[in-house]
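Input: a single structure, listed below in structure tokens.
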Amino acid sequence: MPDRIGVGVIGCGIIAATAHLPAWQRLRHRTQLVAVADVREEVARQTAHEFGVESWVTDYRRLLDRRDVHIIGVCTPEFLHAEQVVAALEAGKHVVCEKPMATTLAEADAMIAAAEGAGVKFMVGHTRRFTPRYIALKTHVDEGAIGQVRLVREIERRPRAMWSVRDRETWKPDGQRPWGADPRYSRGIALGSSIHELDLFQWFMADQPARVYAQTRITRPGGDLPDHIVFSVRFQNGGLAYSDQSANQPSDFPFYHEMEIYGTEGLLRANDPESVTFSVYHEGGMRTPGTFDTLLFVLDGYVNQMRHFLDCVERDQPVTVPPHEARTALAMALAAIESAETGRAVALDGET
Amino acid sequence: MRQSQDLIPVAVVGFAHVGRFTSGECTGGARHAMQHRLVESLDRHPDVELVAMWADPVENGEEVAAHYGIPLEPDLTAILGREDVEAVVVDVPYLERAELIGNAARHGKEVLCPQPVATSMKAMEELAATLADTGTLLLAPSELRYRLPTARARQALQDGAIGSIYSLFGARRRRLPDWASDAGVLLDLGTETLDYLVWCAAAPVIRVYAETATLFRPDLPVEDTALVHLTFADDSMGLAELAWSLPATYPREDDVEVEAVGEQGVIFVSPLNQKVAVHSQRQNRTTWEDWLTPASDAMVEELVRCLRHGESPQQSIAEARQALRLVLAAYESARTGGPVDLD
């Protein structure tokens, strides 16, 4: 192993700019950002400049050729994950890939097979597992504070324009429409957001899901993809989980999570509205600025995640988000989409 | 003792009966908080006189009857037959309610009985027929409509505070083991919670999907947890969480949460948040004590307005029937594993 592990990042959109790249920078005593790739030349160039990265390319495969790149971070939209992750794994790179893992279970299986074949580390970035609040909750669960987990819930409320934190334009593959709003490239909130909650549910419940029921709604005027979802999951051990997630609030609205975990011997509660540490009242109303930082500690989550991945790469240890669990989260999200379309609960096949 | 023709003479019919289902740790003598609060509210109301009380067994009412100076009547038929009783406030096991309310109605008594008032649609229809015959009143309140925060929240929704509604969420939770239930949690807590969501919604329910489970008290033969998904005719979505999930150490014995998401914002309601937190060294624990005006006051107020000013009850047999219909649809969905469509 070299003194500092070389990292290449594919996709210089919002999540790379606001989370991955800053996280890698915080780990610069152990890693070096060697190169970034984006199909948009200007975005690749600007990102490289902004983060002090020496090289930028528009063809991600050039990153895979480099001997000084050991870890690839995949930050592109999910419809590109399978192709890029498999290529990177087959090139012998360790890969940390943004959630959701993929868009189909067949893609997920191909990625898992490629990782096993290549003998390198592969982790899907279910970053909530590395975020301080959720680590604290899991610690209490693991210590037996509430007995056996039986019911989990997380309600999520987001402003519609949450990502306007930066003026970086989101990628429009057809030149017209942001990929996240385009049904050719996105499935909407289930894969975009609910995948977080679904992964948390399986993590806390420590069991396999049996079925999912969901309802969705398109609330954005002129929108084509659901941005509001209500769903429940039944686990094989009988446990239940649910969420109501809306990504359609006005722009001043805080980013809230309301997580509760009920066990046979107690309950854990971490609800943002009652946990706000910093609020501003003025003539226009009340605001809770910076809930990203003060409530969710998002960047800390990404740093913890990348640090963990680095540790696994350096010490050849198993990652704590095994790919088959990421596949299960994906399976639940796809089941939610199907349930919302059919109006019936969707059973999961139990295979992971 | 006040003697005035203006006072409404009320009898308390049922108190502190033990539910059919008790967890291993319940010692019996269930404390039925709503009936106790109704007795307090009735006693407080200047236009009401509490004239008699019946319980089964009658000893269950002794302490409260003595406290409020209410004569105990050991015979149910006798108390229902009393000429000097105008209205009765009923709290008997759910399975017995429809028959008892019908009995009271046939004796010419007006009835206040918080929902649920029946456990089957057959019993509900029979009761409706009886009430149509007797012409007597039935007030069948569900508590969330009578608590100020939840009533105000519903008003805010109706006034368009958040624009058109996208989703409605309600959670109702209770503590076991110090309480016994007459039925599973879906009937017990779901009746008023589903009623409240429907009351808040702008369109009727067209589909119900439910999951039920016994998660926290494996010794119970009934469900202690239920998740009920509602689809409304305007495409808005509803979800209710009902559970006897609060541990013994929880600072209060029940919990209510409501959220509504709409075009222009979110409404959060924590109706039990108006509390005094009592950190007691002597008790070695913290408890949360309500100080907000109890819902029972509003129910008694409505009873008086109905009996003395000719108002119609906000919730009577039709509303009770609608709520039961939802609860039964949820049970059916949970049993079959599929959604139940309502027309």
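Chain letters run A, B, ... following the sequence lines, proteins first and then strands; every chain starts at 1.
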Query - Closest contact, heavy atoms only, A/Gly238 versus B/Ala213 - result: O-CB, 4.0 Å
Query raised in the report: Can you name the closest pair of heavy atoms from B/Pro247 and A/Leu267 and give their distance?
Result: CD-CD2, 3.6 Å
Report summary line: residues 147-154 of chain B vs chain A, non-hydrogen distance cutoff under 4.5 Å, contacting residues -> none
Query raised in the report: Closest approach of B/Gly337 and A/Ala345, non-hydrogen atoms and distance?
Result: O-CB, 4.4 Å
Query raised in the report: So which part of A/Ala241 gets closer than 4.5 Å to some heavy atom of chain B, the side chain, the backbone, both or neither?
Result: backbone
Report task. Examine whether an atom of A/Ile146 lies under 4.5 Å from a heavy atom of chain B, and if so say whether it belongs to the side chain, the backbone or both; otherwise answer neither. Result -> neither
Using distance alone, with no hydrogens and no angle check, list the donor-acceptor pairs under 3.5 Å between chain B and chain A.
residue	atom	partner	partner atom	Å
B/Ser167	OG	A/His228	NE2	3.2
B/Ser167	OG	A/Asp244	OD2	2.9
B/Arg173	NE	A/Tyr262	OH	2.9
B/Arg173	NH1	A/Tyr262	OH	3.3
B/Arg173	NH2	A/Glu260	OE1	3.1
B/Glu211	OE1	A/Arg211	NH2	2.8
B/Glu211	OE1	A/Arg234	NH1	2.8
B/Glu211	OE2	A/Arg211	NE	2.9
B/Thr212	O	A/Arg234	NH1	3.0
B/Thr212	O	A/Arg234	NH2	3.1
B/Leu215	O	A/Arg150	NE	3.3
B/His229	NE2	A/Ser232	OG	2.7
B/Leu230	O	A/Gln215	NE2	3.3
B/Thr231	OG1	A/Gln215	OE1	2.8
B/Asp235	O	A/Arg217	NH1	3.3
B/Glu241	OE1	A/Tyr242	OH	2.3
B/Tyr250	OH	A/Arg269	NH1	2.7
B/Asp255	OD2	A/Arg269	NH2	2.9
B/Glu257	OE1	A/Arg153	NH1	3.1
B/Glu257	OE1	A/Arg153	NH2	3.3
B/Glu257	OE2	A/Arg153	NH2	3.0
B/Glu259	OE1	A/Arg157	NE	2.9
B/Glu259	OE1	A/Arg157	NH2	2.9

